[in-house]
Amino acid sequence: MNEVVLVDDDVIVIEFLKKVIPWHDYGFQVVASFQDSSEALAFMEENPFDVLITDIGMPKLNGIELIEQLKKLKINSYNVILSCHDEFTFAQQAIKLEAYDYILKESMEETNIIALLERLKEKLDQERYTSDQHMKVSKLLELTSRNEDILKAQEYVKNHIGEKISLTEVAAHLHLNSSYFSRMYKKETGEGFVEYVTRVKMEKALELLDQSIKSVEQIAYELGFESKSYFLKTFKRFYGVSPKSYKHKDNVSV
C-alpha cells in the first residue's frame, strides 16, 4: 500500500481528501494529515511515506518551502501541490522542485484526484519493479563473485599444497577481509576453510601413501606440515588410523 501525507491549513480540504477519495481502491492510504506544515515536516523526517499532497499558501512553511526542506533532507517522495492561486510563478517553482503535479483547488474534483492516483500508482509500481530487478541482479552478481572467490581459493590451496596455508594469506591473495572470507566460505560450502585445507592435504596424503614409497616424514614435509608428529596426529584424527596402519590396510577401512 502506498502511503500518503496530506498537508493543508484548511481543514475542509483535508476532510474532503480523506473522506471523499477512495484511497484504498487505488492502492493508497493516508497515513497522516496536518494543518501545521512544521509538524508535517517533523513527521516526514521520522516516518516513511511515498506521496505528499500539500497546499502552497500556509503559515510557517508554505508548500514550496516544505518540499525544499524535504529535498535538503534527501527525502524522496512524489510531491503534489494544491493552490488557490493560478499564478505562473508558483507553477515555475513547482517545476523546479520536480513536483509530480500542480492542481488548482478551484478545479479539484474527485475524478481529477483519482486520475492522479492511477498515474501515481503506475509510476510507483514501475519503480518498485525496477528496484526489485536491480536487487535480483545485484544478488546474482554477488553470488557469482562469491563462487569465483571460492574456486580461486580452492585452486590456490591445490597449487600450494606443499606449503603451510593460512586463511589470512588466502584472503589477502583474493583481496578480501579475512573475517569476511571465513564467514563467506563456510556459508557457501558448508565447510570451514581450514577444514577444507586439512581435507585436501589428507586426501593427498592417502594418494602418496598408495602410489609412492616415500616415508611418512617425506610425505609430511611435502604437504607443508611443521613436523612429522603433527602430521601423524592430524592423519590419525582424520582417518582414525596411523599412516603406518593405513599402509598395511588389508584389514583397515578408511
Side-chain angles (χ1 to χ4, degrees), residues 1-139 141:
M1 195 69 73
N2 300 301
E3 299 184 336
V4 181
V5 174
L6 305 176
V7 186
D8 197 309
D9 61 337
D10 187 339
V11 68
I12 294 174
V13 174
I14 292 283
E15 290 306 307
F16 166 79
L17 291 170
K18 286 171 68 175
K19 294 180 179 179
V20 175
I21 307 302
W23 299 94
H24 283 256
D25 292 351
Y26 297 92
F28 292 85
Q29 64 176 342
V30 176
V31 292
S33 59
F34 299 91
Q35 290 176 256
D36 185 311
S37 54
S38 294
E39 290 179 7
L41 179 60
F43 174 86
M44 289 186 288
E45 283 185 66
E46 299 296 330
N47 297 277
F49 68 101
D50 301 295
V51 180
L52 166 66
I53 299 180
T54 180
D55 185 25
I56 275 191
M58 296 182 291
K60 297 182 182 177
L61 293 170
N62 64 41
I64 295 293
E65 292 167 336
L66 181 58
I67 294 172
E68 284 175 339
Q69 289 300 313
L70 293 178
K71 296 283 186 185
K72 285 179 183 177
L73 293 167
K74 301 190 185 304
I75 295 173
N76 296 318
S77 61
Y78 282 96
N79 304 310
V80 178
I81 293 175
L82 306 175
S83 177
C84 292
H85 310 286
D86 188 7
E87 294 181 9
F88 182 64
T89 52
F90 280 127
Q92 276 186 315
Q93 286 175 291
I95 290 167
K96 283 181 182 178
L97 289 170
E98 299 178 340
Y100 183 75
D101 213 336
Y102 180 89
I103 300 174
L104 291 174
K105 289 184 179 178
E106 290 88 340
S107 62
M108 187 172 67
E109 296 177 359
E110 181 182 349
T111 53
N112 293 340
I113 302 297
I114 287 173
L116 169 66
L117 295 181
E118 288 176 333
R119 294 197 307 274
L120 268 172
K121 186 172 187 308
E122 185 177 345
K123 191 83 174 172
L124 286 161
D125 286 349
Q126 182 59 44
E127 272 190 3
R128 288 196 180 103
Y129 173 78
T130 302
S131 177
D132 288 345
Q133 292 303 108
H134 284 164
M135 192 174 295
K136 286 177 183 176
V137 170
S138 295
K139 285 182 178 178
L141 290 174

Kindly give the heavy-atom pair with the smallest separation between [X] and [Y], and that separation in Å.
| X | Y | result |
| --- | --- | --- |
| Met58 | Gly63 | CE-N, 3.7 Å |
| Ile64 | Asn62 | N-OD1, 3.0 Å |
| Lys18 | Ser33 | NZ-OG, 3.5 Å |
| Ser83 | Glu106 | O-OE1, 3.8 Å |
| Met1 | Gln29 | CG-CG, 3.6 Å |

Could you measure the distance from the [atom1] atom of [X] to the [atom2] atom of [Y]? Nearest 0.5 Å is fine.
| X | Y | atom1 | atom2 | result |
| --- | --- | --- | --- | --- |
| Asn112 | Leu104 | CG | CG | 10.5 Å |
| Phe49 | Asn2 | CZ | CG | 12.5 Å |
| Asp25 | Ile114 | CG | CD1 | 8.0 Å |
| Asp8 | Leu17 | CG | CG | 7.5 Å |

### Task
Apply the test side-chain contact (heavy atoms from CB on, under 4.5 Å) to residues Tyr100 and Arg119: give CA-CA distance (whole Å), side-chain angles for both, the deciding distance (0.1 Å), then the verdict.
CA-CA 10 Å; Tyr100 183 75; Arg119 294 197 307 274; 3.3 Å; yes
Check whether more than 12 heavy atoms from other residues, nucleotides or ligands sit under 6.0 Å from atom [atom1] of [X], and answer yes or no.
| X | atom1 | value |
| --- | --- | --- |
| Ile12 | CD1 | no |
| Glu122 | CD | no |
| Gln133 | CD | yes |

Is there a side-chain contact between [X] and [Y] in this structure, where contact means two heavy atoms from C-beta onward sitting under 4.5 Å apart?
| X | Y | value |
| --- | --- | --- |
| Ile14 | Asp9 | no |
| Leu120 | Tyr26 | no |
| Ile53 | Ile113 | no |
| Pro22 | Glu110 | yes |
| Ile21 | Leu117 | yes |

### Query
Does any N or O in the side chain of Ser37 come within less than 3.5 Å of the main-chain N or O of Leu61, such that one atom is a donor and the other an acceptor?
yes
### Query
So, does Asp101 use its side chain to make a donor-acceptor pair with the main chain of Val80 at under 3.5 Å?
no
### side-chain contact (heavy atoms from CB on, under 4.5 Å) assessment of Ile81 paired with Ile67
CA-CA 9 Å; Ile81 293 175; Ile67 294 172; 3.8 Å; yes
### Message
Tell me every residue that passes ring pair (Phe, Tyr, Trp, His ring centres under 6.0 Å) with Phe43, counting only those two or more places apart in sequence or in another chain.
### Response
Phe34
### Message
Between Met44 and Leu66, is the side-chain contact (heavy atoms from CB on, under 4.5 Å) condition met? List the steps.
### Response
CA-CA 10 Å; Met44 289 186 288; Leu66 181 58; 3.9 Å; yes
### Task
Please report the C-alpha distance between His134 and Thr130 in whole Å, then the side-chain angles of each, then the deciding distance to 0.1 Å, and finally whether the side-chain contact (heavy atoms from CB on, under 4.5 Å) criterion is met.
CA-CA 6 Å; His134 284 164; Thr130 302; 3.6 Å; yes
#### Entry: Within residues 39-56 or reaching into it, pairs that qualify as side chain to side chain donor-acceptor pair (under 3.5 Å) - sequence neighbours excluded
Asp50-Arg128, Asp55-Lys105
### Query
What side chain to side chain donor-acceptor pair (under 3.5 Å) pairs are there with at least one residue in residues 70-79, not counting sequence neighbours?
Ser77-Asn79, Tyr78-Glu127
